[in-house]
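First the structure, then my questions, so here it is.
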Amino acid sequence: HVQLVESGGGSVQAGGSLTLSCAASGYLYNSYYMGWFRQTPGKEREEVARGYTADGSTTYRDSVKGRFTISLDIAKNLLYLRMDTLKPEDTAMYYCALDPTHMGWHGGPRFWGRGTQVTVS
């Protein structure tokens, strides 16, 4: 069982920056996918970025490439999302997620945080 808790959301002006954090606790698998999704009312949930501990790979959706950076401190069980050059379209509830397998991640991660709101004006 894994618990995820996000923090760091808030309101910023367009062009500004925010860093989100996700603290993981409980049983963490030998290897796993961990990353961020976001959702706006009326729109489907979308993946923002993810990392895979087994090979250190990271993946970003096109709209955030070059602006967002995901990082994971495995020893501390902390996941970060550095967001730079924020745009109004980045406004959403951001959720941290974790799943031990590729299939699980792409089918919908097993573990989720409650979310942290990011508002860009």
Inset, instruction - Would you give the length of the straight line joining atom CH2 of Trp36 to atom CZ of Arg38, rounded to the nearest 0.5 angstrom? - result: 13.0 Å
Inset, instruction - Check the hydrophobic clustering (I, L, V, M, F, W, Y; side-chain heavy atoms under 4.5 Å; chains of links allowed) and say if Leu20 and Leu4 are grouped together. - result: yes
Inset, instruction - Treating Ile, Leu, Val, Met, Phe, Trp and Tyr as nodes and any side-chain heavy-atom pair under 4.5 angstrom as an edge, say whether Phe37 and Met34 lie in one connected cluster. - result: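 No, no single cluster joins them.
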Legend entry - Point-to-point distance, once rounded to the nearest 0.5 Å, from OG of Ser11 to CG of Leu86: 11.0 Å
Inset, instruction - Treat each ILVMFWY residue as a node, draw an edge where side-chain heavy atoms are under 4.5 Å apart, and state whether Val5 and Val2 are in one component. - result: no
Inset, instruction - May I have all residue pairs that pass disulfide (SG to SG under 2.5 Å) and include part of residues 13-108, sequence neighbours excluded? - result: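 Every pair satisfying disulfide (SG to SG under 2.5 Å) with a residue in residues 13-108: Cys22-Cys96.
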Legend entry - Student check: side-chain heavy atoms of Thr91 and Gln117 closer than 4.5 Å: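 With C-beta onward as the side chain, the pair touches.
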Inset, instruction - Please round to the nearest 0.5 Å and tell me the distance separating atom OH of Tyr32 and atom OG1 of Thr53. - result: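 Reported value, rounded in 0.5 Å steps: 5.5 Å.
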May I have the list of side-chain donor-acceptor pairs in residues 104-114 shorter than 3.5 Å, sequence neighbours left out?
| residue | atom | partner | partner atom | Å |
| --- | --- | --- | --- | --- |
| Trp105 | NE1 | Glu47 | OE1 | 3.1 |
| His106 | NE2 | His102 | ND1 | 3.4 |
| Trp112 | NE1 | Pro109 | O | 2.7 |

Inset, instruction - Drop me the distance from Glu6's CD to Met93's CE, to the nearest 0.5 angstrom. - result: 9.0 Å
Legend entry - Nearest heavy-atom neighbours spanning Leu72 and Leu78: CD1-O, 3.3 Å
Inset, instruction - Take atom CG of Asp73 as the centre, draw a 6.0 Å sphere, and report whether it contains more than 12 heavy atoms from other residues, nucleotides or ligands. - result: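 Yes - once you tally the heavy atoms of other residues, nucleotides and ligands closer than 6.0 Å, there are more than 12.
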Inset, instruction - To the nearest 0.5 Å, tell me how far Ile70 CD1 sits from Arg50 CZ. - result: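 One finds 9.5 Å between CD1 of Ile70 and CZ of Arg50.
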Inset, instruction - Find out whether Val120 and Gln13 are in side-chain contact, i.e. whether some heavy atom of one side chain is under 4.5 Å from a heavy atom of the other. - result: no
Legend entry - Point-to-point distance, once rounded to the nearest 0.5 Å, from CZ of Arg82 to CG of Asp84: 4.5 Å
Legend entry - Closest non-hydrogen atom pair, Ala49 against Leu81: CB-CD1, 4.4 Å
Inset, instruction - Go through Tyr29 and Leu98 one step at a time and tell me if the side-chain contact (heavy atoms from CB on, under 4.5 Å) criterion holds. - result: CA-CA 10 Å; Tyr29 303 89; Leu98 184 152; 4.2 Å; yes
Inset, instruction - Decide, yes or no, whether a salt bridge links Asp62 with Lys65 under the criterion of side-chain N to carboxylate O below 4.0 Å. - result: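 The answer is yes: the pair qualifies as a salt bridge.
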Legend entry - Contact list for residues 44-80, test ring-ring contact (aromatic ring centres under 6.0 Å, His included), sequence neighbours left out: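 Qualifying pairs, neighbours excluded: Tyr33-Tyr52.
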Legend entry - Thr116 (side chain) donor-acceptor with Gly9 (main chain) under 3.5 angstrom: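 Yes: the side chain of Thr116 pairs with the backbone of Gly9.
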Legend entry - Test item: Glu46 and Gln39 side chains (from C-beta on) under 4.5 Å apart, heavy atoms: no
